[in-house]
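Letters A, B, ... mirror the listed sequences (proteins, then strands); counts begin at 1.
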Protein chains: 2
Amino acid sequence: MPEVDDLADRRRLVLESAARVLAEDGPHGLSLRRISADAGGSTQLVYTLFGGKPGLADALYSEGFRRLGEAMRNGLRAAPPAGDPDRIAAIGGAYVGFAKQEPAFFSVMFGRAIPGFTPARGTTALGRECTYGQLVAEVQACLDAGTLVASSADQLARLCWLTVHGLASLEGAGMLSADDAFVEQVLRTPLEAHRPRG
Amino acid sequence: MPEVDDLADRRRLVLESAARVLAEDGPHGLSLRRISADAGGSTQLVYTLFGGKPGLADALYSEGFRRLGEAMRNGLRAAPPAGDPDRIAAIGGAYVGFAKQEPAFFSVMFGRAIPGFTPARGTTALGRECTYGQLVAEVQACLDAGTLVASSADQLARLCWLTVHGLASLEGAGMLSADDAFVEQVLRTPLEAHRPRG
DNA sequence: ACGGTGTCATAACACTGTTATACATCGGAC
DNA sequence: GTCCGATGTATAACAGTGTTATGACACCGT
């Protein structure tokens with residue numbers, strides 16, 4: 001079945017063009033004509049491959065989460081083995097690094113930066129799985145190892161996530177300037193609060 | 001000088017129309033023709049009063065922070081007197097309440113929801129003063145009263161702000177569901193970490 | 001009364017997403 | 001080999017957007 005591979009390849013090609021345009025000109029520059037020109041075709045490309053701009057926005061949204069998940073995995077590569085809370089801090093560091101390095105993607109994923117687009121419920125769930133899923137697994141490992149204490153892995157993971165996300169979001173909005181020491185303190189706060197003993 | 005009052009009144013009227021359209025149709029429905037029609041005039045209104053859509057976006061952005069600051073003050077009305085950390089939790093509760101009640105404003109303020117618009121540096125500083133300023137004052141009062149301990153009021157206030165903001169942002173993005181108990185836990189976390197004694 | 005200033009509505013421009021239409025290309029049937 | 005249907009593409013047109021230029025009108029100081 002070479003046809004479906006061909007179709008997938010064309011989808012990937014247009015998606016990469018869209019990602020390139022997004023990185024270069026920001027969400028405002030994401031026009032179908034600009035993307036099509038970058039991909040070397042006509043506007044119809046987006047309609048045959050994605051069914052329109054919302055479809056492409058959905059694909060771009062998912063791609064953003066895929067890249068964020070990849071960045072989180074990379075941040076984990078130089079971290080201590082599972083069960084060490086430092087792994088959670090490492091994930092958080094990768095998270096803020098991604099937000100700073102790919103602000104346009106970050107806006108599309110969390111900020112309604114594409115005018116008409118709101119991600120479908122299933123798409124948000126999929127994106128959460130790629131990223132938040134890693135965090136839950138690491139938190140669970142720490143709970144199992146006894147290096148952290150919480151009523152549930154999900155609860156503590158949500159706390160860690162929103163803490164790091166708040167830092168990344170406010171910094172991206174130009175509302176907050178954070179040096180490395182402050183970032184470190186932020187990453188540690190939800191962990192210190194769930195150390196064993198108390 | 002009745003003229004300048006008249007001009008300010010017209011600005012306020014158009015701004016209220018814009019806020020109404022924003023609340024009804026979301027950021028995507030914010031078109032100059034729609035706003036002008038709601039205000040009972042022509043597109044030129046926005047150009048004579050605000051110099052174009054970016055100018056109106058800037059005013060709308062500031063208005064959002066004004067309303068958020070007002071919501072925070074209202075949340076403080078039933079709180080204990082200054083120096084009690086519960087006041088900070090009350091501010092946080094008002095913050096997430098505003099984000100839930102005015103998601104369109106919240107997107108404009110923190111999510112780049114108006115296509116071409118990025119707030120000017122001075123505008124962000126002004127908005128931060130209306131909202132973050134309150135938080136810093138309350139944190140400073142707690143430090144003075146000895147009910148909280150931190151190296152600086154600014155550092156702890158930033159920590160509280162980003163924590164609450166992360167919760168509001170992720171919830172608004174459909175990424176996280178938080179019941180009242182979880183919200184309470186989130187609000188308490190940065191405060192517990194800075195209790196005296198340790 | 002007059003000229004100047006400023007505000008208004010209208011119309012036009014370039015741009016956007018979307019849709020309809022026509023053209024080209026391909027794979028199979030007879 | 002020749003047709004046929006189907007599919008993908010490019011072009012052009014549509015309604016909508018922000019913006020700008022144009023002309024009409026009211027107001028104000030001289």
For nucleotides 5-9 of chain D, tabulate all protein N/O to nucleotide N/O atom pairs closer than 3.5 Å, reporting atom names and distance.
from: D:dG8; atom 1: O3'; to: A:Arg10; atom 2: NH1; distance (Å): 3.4
from: D:dT9; atom 1: OP1; to: A:Arg10; atom 2: NH1; distance (Å): 3.0
from: D:dT9; atom 1: OP2; to: A:Thr48; atom 2: OG1; distance (Å): 3.1

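Between the C1' atom of C:dT16 and the CG atom of A:Leu56 lies a distance of 15 Å, rounded to the nearest Å. B:Tyr47 has its OH atom 17 Å from the P atom of C:dC13, to the nearest Å.
Within 6.0 Å of CZ on A:Arg12 lie no more than 12 heavy atoms contributed by other residues, nucleotides or ligands. Within a 6.0 Å radius of CD in A:Gln101, no more than 12 heavy atoms belonging to other residues, nucleotides or ligands are found. At most 12 non-hydrogen atoms from other residues, nucleotides or ligands lie less than 6.0 angstrom from CG of A:Asp180.
Remark: aromatic rings of A:Phe110 and B:Phe110 are distant, center separation not under 6.0 Å.
Listed in residue order, the members of residues 21-35 of chain A having a heavy atom less than 4.0 Å from DNA chain C are A:Leu30, A:Ser31, A:Leu32, A:Arg33.
A distance of 4.0 Å separates CZ of A:Arg67 from CZ of A:Phe105, quoted to the nearest 0.5 Å. Distance check: B:Cys142 SG to B:Leu191 CG gives 8.0 Å after rounding to the nearest 0.5 Å.
Residue contacts shown for B:Pro115 are absent, as no nucleic acid heavy atom lies under 4.0 Å away.
In this view, A:Tyr61 satisfies the side chain to side chain donor-acceptor pair (under 3.5 Å) rule with no residue, not counting sequence neighbours.
Contact check on B:Arg20 versus B:Glu24 returns no salt bridge, with no Lys/Arg side-chain nitrogen under 4.0 Å from an Asp/Glu carboxylate oxygen.
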